[in-house]
There are 2 protein chains.
Amino acid sequence: MPDSSRHQPTIRVLDVLERLASAPQGLSLTALAADTGFSKSTLFPIMKTLLARRYIRLAPDTLRYLWGVGGIALAGAGMAAAPWLSAINDEMRAVVQGCGEVCQMGVLEGRDILYVAKVEAKRQVRLLSQVGKRLPANCTALGKALLAQFDRARLEEIFADGLPGFTERSSVTLDDLEARLEEVRRLGYAEDDRELHEETVCLAVALRQRGRPVAAISVSLPVFRANGEAREAILGLLFAARERVEAMLDGLPELNFAED
Amino acid sequence: MPDSSRHQPTIRVLDVLERLASAPQGLSLTALAADTGFSKSTLFPIMKTLLARRYIRLAPDTLRYLWGVGGIALAGAGMAAAPWLSAINDEMRAVVQGCGEVCQMGVLEGRDILYVAKVEAKRQVRLLSQVGKRLPANCTALGKALLAQFDRARLEEIFADGLPGFTERSSVTLDDLEARLEEVRRLGYAEDDRELHEETVCLAVALRQRGRPVAAISVSLPVFRANGEAREAILGLLFAARERVEAMLDGLPELNFAED
DNA sequence: AAACCGCATTCATTTATACGAATGATTTCT
DNA sequence: AGAAATCATTCGTATAAATGAATGCGGTTT
């Protein structure tokens, strides 16, 4: 069936941009073809065009495609449309500077978390997430931080197709999820303890605009570094960031993340 | 001749994204078709796909396409690759807050200025530029701020195909351009007095990383508001922003805007 | 030095997309 | 209230792009 919302040429371009956006050290054409599932000959003219428009550039030594100034220009445009993104990004950088772990921001999209921004740390963690990608909200700290605003009825709507699981610790029943969300409401933050990935822990707080959660930020770290001391420090940073961001958001017109 | 660097499907997607990126109040499908030169039926499936991926969203009341969270995610990726962009953007916002006029940032690309970021002001100016677009460097304040680093020989290389002109005040000879660049070096800022557009004036300063200019920021305003007092105020803001940005850039690894 | 690997690039054919005209739905003007 | 304008959407056909196999190129191994 020719579904007009699955226009292949457009999908190809977006996939390339997204894949490249979260590959700081770049990707070769072959690697990109393998990653996206499109043939090299299909991608070739696309890459040439993106190069000509400077959305990407070729690493001078190795033949790898990197994010370029054209793409950065889009980022500039995005910030013009969403000035709060830049401010939140600064707070995320402060968090990363404070704890040395990667910080991410996400918004809720149906039953998924859409990863919207990321600030890398020196000590890298292998993450399943990447900017532009989606992961089930019930398996992520970001997701649970945002799902905590909903009652049982709303959750049933959202997860009408069931709760996907990644590891054996993932909440795959509504009852389990609801118990964890109650915990989130009580503590003021959400946690993902190896629910998405066996070796990764995440802590997240929701960011509210005039009481309404609009996004969430999280810190991810490998389980072997997630001792009590580190967690305390990270939570302190997240709470401080939340306070500053919310003060800023309350002064802005309403952010709209309407579903349709 | 089928030039692989002018792949139409890719161009269409980029044009749509760029056009929409610099339209804060959104565009209808028809307006977008008129703007980009593609037919509505061509754009239709592209828009549907961008909608499905949340790159754009439909304004609930009016049927206009707006920049969406998916696009914002790309912006997040761009900022992850270019953290300095967010910092510069903050300085640009400070400039706009100080003078109430639009502030833009650009990088040099051959003989053109590529507009990389923009912070809008309440009092809008009709600008020829928009984020992602290119304009001849010799006709813009941003361009001249950055061209001032080059000697005669390098300028001859860059403008081997001649100097394009927009108004009768545009510098269309190398001699004229060079005299103006000398002025830029002397004063420490560049000016475009109705050289791009009959009713617009721009002031720009180059941003240097360890002495090497990497980008420039400018303020644009209509000629009827460009009195001596306003100019003084704007230059003060630009100089202050430059100082803070350069202090920040000097602490970062080298920015790469390689041509190829 | 010859054979090999990983890479970008080209080519002919199949296949999917783009276009302009026509339709239907909604809003704006008189 | 009626007419005109504006908008999204669909359709058949002309056209442009996608595909996988084949080619060419630089560096590395046998």
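Lettering of chains follows the sequences in order, A, B, ..., and the numbering in each one begins at 1.
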**OP:** Could you please spell out the steps behind the side-chain contact (heavy atoms from CB on, under 4.5 Å) verdict for B/Leu29 and B/Arg64?
**Re:** CA-CA 7 Å; B/Leu29 180 60; B/Arg64 284 152 97 152; over 6 Å; no
Original post:
Rounded to the nearest 0.5 Å, how far does CD1 of B/Ile56 lie from CG of B/Leu17?
Top reply: 8.0 Å
Collect all protein-nucleotide pairs involving nucleotides 11-14 of chain D in which both atoms are nitrogen or oxygen and the distance is under 3.5 Å.
none

Subject >> Euclidean distance, atom CE of residue B/Met47 to atom C1' of D/dT10 [Å, nearest integer] >> reply: 18 Å
Original post:
How long is the line joining CD1 of A/Ile46 and C1' of C/dA8, in whole Å?
Top reply: 15 Å
Subject >> Listed partners of B/Gln104 passing side chain to side chain donor-acceptor pair (under 3.5 Å), at least two apart >> reply: B/Ser129
**OP:** Give the minimum heavy-atom separation between A/Glu101 and A/Pro222, together with the two atoms involved.
**Re:** OE1-CD, 4.0 Å
Subject >> Positions of residues 5-14 of chain A (non-hydrogen atom under 4.0 Å from DNA chain C), listed by number >> reply: A/His7, A/Gln8, A/Pro9
Original post:
Do A/Arg19 and A/Tyr65 have side-chain heavy atoms sitting under 4.5 Å apart?
Top reply: no
Identify all side-chain donor-acceptor contacts of residues 153-164 of chain B below 3.5 Å with residues at least two apart in sequence or on another chain.
unit_1   : atom_1 : unit_2   : atom_2 : d
B/Glu156 : OE2    : B/Arg152 : NE     : 3.2

Original post:
Can you find a side-chain donor-acceptor pair between B/Tyr55 and A/Glu18 that sits under 3.5 Å?
Top reply: yes
So which protein N/O to nucleotides 6-8 of chain D N/O distances come out below 3.5 Å?
unit_1 : atom_1 : unit_2  : atom_2 : d
D/dA8  : OP1    : B/Leu29 : N      : 2.8
D/dA8  : OP2    : B/Thr30 : N      : 3.1
D/dA8  : OP2    : B/Thr30 : OG1    : 2.6
D/dA8  : N7     : B/Lys40 : NZ     : 3.4

Subject >> Separation of atom CG in A/Leu43 from atom C1' in C/dA8, rounded to whole Å >> reply: 12 Å
Subject >> Check ion pair A/Glu199-A/Arg194 (N to O, under 4.0 angstrom) >> reply: no
Original post:
Considering residues at least two apart in sequence or located in another chain, which fulfil the side chain to side chain donor-acceptor pair (under 3.5 Å) criterion with A/Thr49?
Top reply: none
Original post:
Does A/Arg54 come within less than 4.0 Å of B/Asp112, counting only side-chain N to carboxylate O?
Top reply: no
